[in-house]
Amino acid sequence: MKPPSKEQFFKYMSETFGYEFNCEQSYELLKDVIREANSHQGNLKEFIELKDLSKRDSEIYRNYLAEKGIEKTPSEVREHFATIEYGMAFVSKTKQSGEEN
């Protein structure tokens, strides 16, 4: 499954957050989410859980990332979750389209 174009993704994220979005790392994360969704259904559980975290839990996740050497601001964490959600919606929509054909 081919991921959406970088331009499509950046446009979606710009509209979602209300500012010019062009984070290459987020696009790489999107491709990872789509690749995982296509290859290992079991690993999707982790992505699903991440997108549904409460504000407090997302702060804990931010600290977890920091311990791994990945520093993110609160807005970057929101962008991270939005990227995962977009990737999962893309995969779901694409798979539903494939089933209808």
Side-chain angles (χ1 to χ4, degrees):
M1 172 182 312
K2 185 177 177 185
S5 73
K6 196 182 293 187
E7 292 76 23
Q8 288 173 304
F9 173 63
F10 288 170
K11 181 181 179 199
Y12 168 82
M13 294 295 277
S14 294
E15 290 171 356
T16 298
F17 290 104
Y19 52 81
E20 185 72 26
F21 186 89
N22 59 358
C23 178
E24 294 288 331
Q25 283 182 310
S26 290
Y27 188 66
E28 292 303 314
L29 172 63
L30 175 65
K31 292 191 298 187
D32 288 343
V33 170
I34 292 170
R35 188 172 30 256
E36 284 294 319
N38 286 320
S39 62
H40 304 291
Q41 285 294 331
N43 291 343
L44 279 181
K45 183 179 177 198
E46 178 182 326
F47 289 130
I48 292 167
E49 290 171 353
L50 281 178
K51 80 177 191 65
D52 292 333
L53 290 179
S54 68
K55 182 176 179 173
R56 170 121 170 75
D57 288 338
S58 66
E59 290 169 359
I60 292 169
Y61 181 71
R62 181 176 171 228
N63 289 332
Y64 165 78
L65 290 174
E67 289 172 5
K68 298 223 173 262
I70 304 169
E71 296 291 333
K72 289 192 180 281
T73 65
S75 63
E76 289 172 328
V77 171
R78 284 190 297 278
E79 292 167 357
H80 185 85
F81 294 154
T83 300
I84 292 169
E85 191 166 0
Y86 179 83
M88 296 190 60
F90 176 81
V91 169
S92 177
K93 181 179 173 185
T94 303
K95 285 186 177 182
Q96 286 176 350
S97 300
E99 290 173 3
E100 293 172 2
N101 292 333

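Not measured: the values here are computed from a predicted model. For reference, positions follow the sequence shown, starting with 1.
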Note to self: Show, in sequence, the C-alpha distance, side-chain angles and deciding distance for Tyr61 and Asp57, and conclude whether the side-chain contact (heavy atoms from CB on, under 4.5 Å) test is met.
What the structure shows: CA-CA 6 Å; Tyr61 181 71; Asp57 288 338; over 6 Å; no

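- A donor-acceptor distance shorter than 3.5 angstrom exists from the side chain of Ser14 to the backbone of Phe10, with no hydrogens or angles considered.
- Side chains of Arg78 and Pro74 form a contact here, defined as non-hydrogen atoms less than 4.5 Å apart.
- Using bins of under 30°, 30° to 60° and over 60° for the plane-to-plane angle, the ring pair Tyr19/Phe21 lands in the tilted bin.
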Next item on the list: May I have the step-by-step check of salt bridge (charged side-chain N to carboxylate O under 4.0 Å, His left out) for Lys31 and Glu28, ending in yes or no?
Entry: CA-CA 5 Å; Lys31 292 191 298 187; Glu28 292 303 314; 3.0 Å; yes

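- The OH atom of Tyr86 lies 8.0 Å from the NZ atom of Lys93; values are rounded to the nearest 0.5 Å.
- Judged as a side-chain contact (heavy atoms from CB on, under 4.5 Å), and not counting sequence neighbours, the contacts of Lys11 are Glu15.
- In this structure, Arg62 CZ and Thr73 OG1 are separated by 6.5 Å, a value rounded to the nearest 0.5 Å.
- Relative ring orientation between Phe9 and Tyr27 is described as tilted, the plane-to-plane angle lying within the 30° to 60° band.
- Ile60 and Phe81 are assigned to two separate hydrophobic clusters, defined by single-linkage of ILVMFWY side chains at heavy-atom distances under 4.5 Å.
- Looking at every heavy atom in both residues, Ile34 comes nearest to Gly87 through CG1-O, 4.2 Å.
- Taking CG from Asp32 and OG from Ser26, the interatomic distance works out to 11.0 Å, rounded to the nearest 0.5 Å.
- Distance OG1/Thr83 to CD/Gln25: 10.5 Å, rounded to 0.5 Å.
- Under the side-chain contact (heavy atoms from CB on, under 4.5 Å) rule, Leu29 has a single partner from His80, Glu79, Glu24, which is His80.
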